[in-house]
Amino acid sequence: MPKTAPLRTRRGQLAEPMSSLGELLRQWLPRQRWFAGKDRPVAELGLLSMTELFPGCLHLLVHTGQGSVPSPGGAPPAGDCYQLLLGVREQPSPRLGRAIIGQVQDGPLAGRTVYDALHDPRTAQLLLERFRHPGKAGPLRFEADPARPVPGGLAPRLLDAEQSNSSLIYGDEFILKLFRRIQPGVNPDLEVPDALARQGCGRVPAPVAWMRTTHPYGATLGVLQPFLHGASDGWTLSLNALAAGDEFTVQAHELGQAMGDVHLALASAFPVGAPGENGRTAAAMTERLTAAAHCVPALQPFVPGLRAAFAALSTCDWGPPAQRIHGDLHLGQVLRAGRDWFVIDFEGEPSRPLAERRSAHSPVRDIAGMLRSFDYAARQRRPWRPEWARRCREAFCAGYAARAGWDPRKKHGLLRAYETDRAVYEVLYEARHRPDWLPVPMAAIERLAVRGD
Ligand SMILES: Nc1ncnc2c1ncn2[C@@H]1O[C@H](COP(=O)(O)OP(=O)(O)O)[C@@H](O)[C@H]1O
Ligand SMILES: O=P(O)(O)O[C@H]1O[C@H](CO)[C@@H](O[C@H]2O[C@H](CO)[C@@H](O)[C@H](O)[C@H]2O)[C@H](O)[C@H]1O
């Protein structure tokens, strides 16, 4: 590991970052689903903070990237920062299997084995205790809503899902999301659900406790919220409907209503002065398209047709006012319990800077995200079902119109531009993370560029 300033744990036992531990982490990080830089090796790894959370468990913030490692207390680093919880044992239990990172060769941990501590039920239990009893541990702060106490003794399990972060479920009553990629500032996945709860919006599980750091900058590290037991996400439900040959229009209509409610609550919780500005938005979309076509050459033949969608947006004389939005809305971000839809994961598009994700945008961006998601679902089976997706999209917009007071279907130019922008994002996302899925957004790119519908 490159040297940072000497580090101390809360108990002052560890004085320096260790080169062998750094090497183990450099090999381990790119294999993690939540690690954003999979397409390039970890050239540099620096330690930003290390805190002993309890005996046998270290909390680390590490910096990965190409640039130089920032000095603690200095400006936010240019690369990426990740949160790790490492278990440290003399003799690791064989049950830890795939969680083991390796044996440290030098420094104060020499001879001990480190592993991803979230796989260790005992660590998970002790972590919950920290959330139940607000307080400090070095730069870490544990805070809780006193009105919503969390009982002790809940059995933990690690959520086994394709995630951008890591989540622990406690007794099917609470879910703790630990953010993996950390950026300075309040994470919208704490800020937004908390503000919506204060508005009395019941569509979003309200945070009950959270964890943040004050060093090397202020940042949110994790959020504990009620677990919606027995709920299914919209992606699973829509695929089940498709497999059974069923329609999904009733659910899509109710989902549109739910999103209308959430947008109204967001607009009240975060009042925004400036109106939306279609010209500036169209210019930003065009820039994103240019950058994406540079990274994914398959986009290039469609660039003129896609640019036309953005040019048309710049001449639209109406759009709903800009406001705080979800920012990365798709069927995997909505959960249905009984007949109620809930919305989760307000982090926004993970690759965008936090300041951008926390600023106001057109609510059409969310609507376009969900419309694209119906298209994704319909393309999971052969022969693909464009009419199924079209009916879901219609129903979703009708439900949204019933609550929001304006009908997205009557704003074709707006929808086309925002859908195009979302499909361009998806092309980049799939090229980076799941190249086998690239044909899904590419089919939409072709439709939007050539037919424009
Ligand atoms: N409050 C909740 N109740 C039930 N399940 C949840 C809840 N929050 C998240 N989940 C489950 O955890 C998964 C991942 O959550 P999410 O917030 O989307 O994490 P990530 O940002 O890491 O993708 C969701 O797809 C959902 O299945
Ligand atoms: O849920 P995340 O915040 O990690 O969002 C990212 O990953 C999503 C995939 O898991 C990705 O969504 C795309 O694929 C979905 C099907 O898997 C589909 O329903 C969405 O419409 C599509 O955008 C999302 O774009 C990305 O930010």
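Since this is a predicted model, take the numbers as computed values, not measurements. Every number for a ligand or one of its atoms is a count from 1 in the order of the listing.
Ligand-side atoms of ligand 2 in range of W235: 16 (C), 19 (O), range being under 4.0 angstrom from any heavy atom. For ligand 2, the atoms sitting less than 4.0 Å from at least one non-hydrogen atom of W437 are 16 (C), 17 (O), numbered in the order shown with element in parentheses.
Protein residues having at least one heavy atom under 4.0 Å from any atom of ligand 1 are L159, Q163, S164, N165, I175, K177, P205, Q225, P226, F227, L228, G332, Q333, L335, I344, D345, E347, listed by chain and number.
From the protein, the heavy atom lying nearest to atom 3 (O) of ligand 2 is D328 OD2, 3.1 Å. Regarding atom 7 (O) of ligand 2, its nearest protein heavy-atom neighbour is Y429 OH, 2.9 Å. The protein atom (non-hydrogen) at minimum distance from atom 1 (O) of ligand 2 is H330 NE2, 3.1 Å.
For the pair R130 and F142, the distance from NZ or CZ to the six-membered ring centre is under 6.0 Å and the angle to the ring normal is within 45 degrees.
Neither the backbone nor the side chain of M370 comes within 4.0 Å of ligand 2, counting heavy atoms alone. Contacts with ligand 2 closer than 4.0 Å are made by no heavy atom of H433, backbone or side chain. Counting heavy atoms under 4.0 Å from ligand 2, residue Q333 touches it through the side chain alone.
Listed by chain and residue number, D116 satisfy the salt bridge (Lys or Arg N to Asp or Glu O under 4.0 Å) test with R180 (two or more places apart in sequence, or in another chain).
Under the 4.0 Å criterion applied to side-chain N and carboxylate O atoms, R372 and E426 are assigned as salt-bridge partners.
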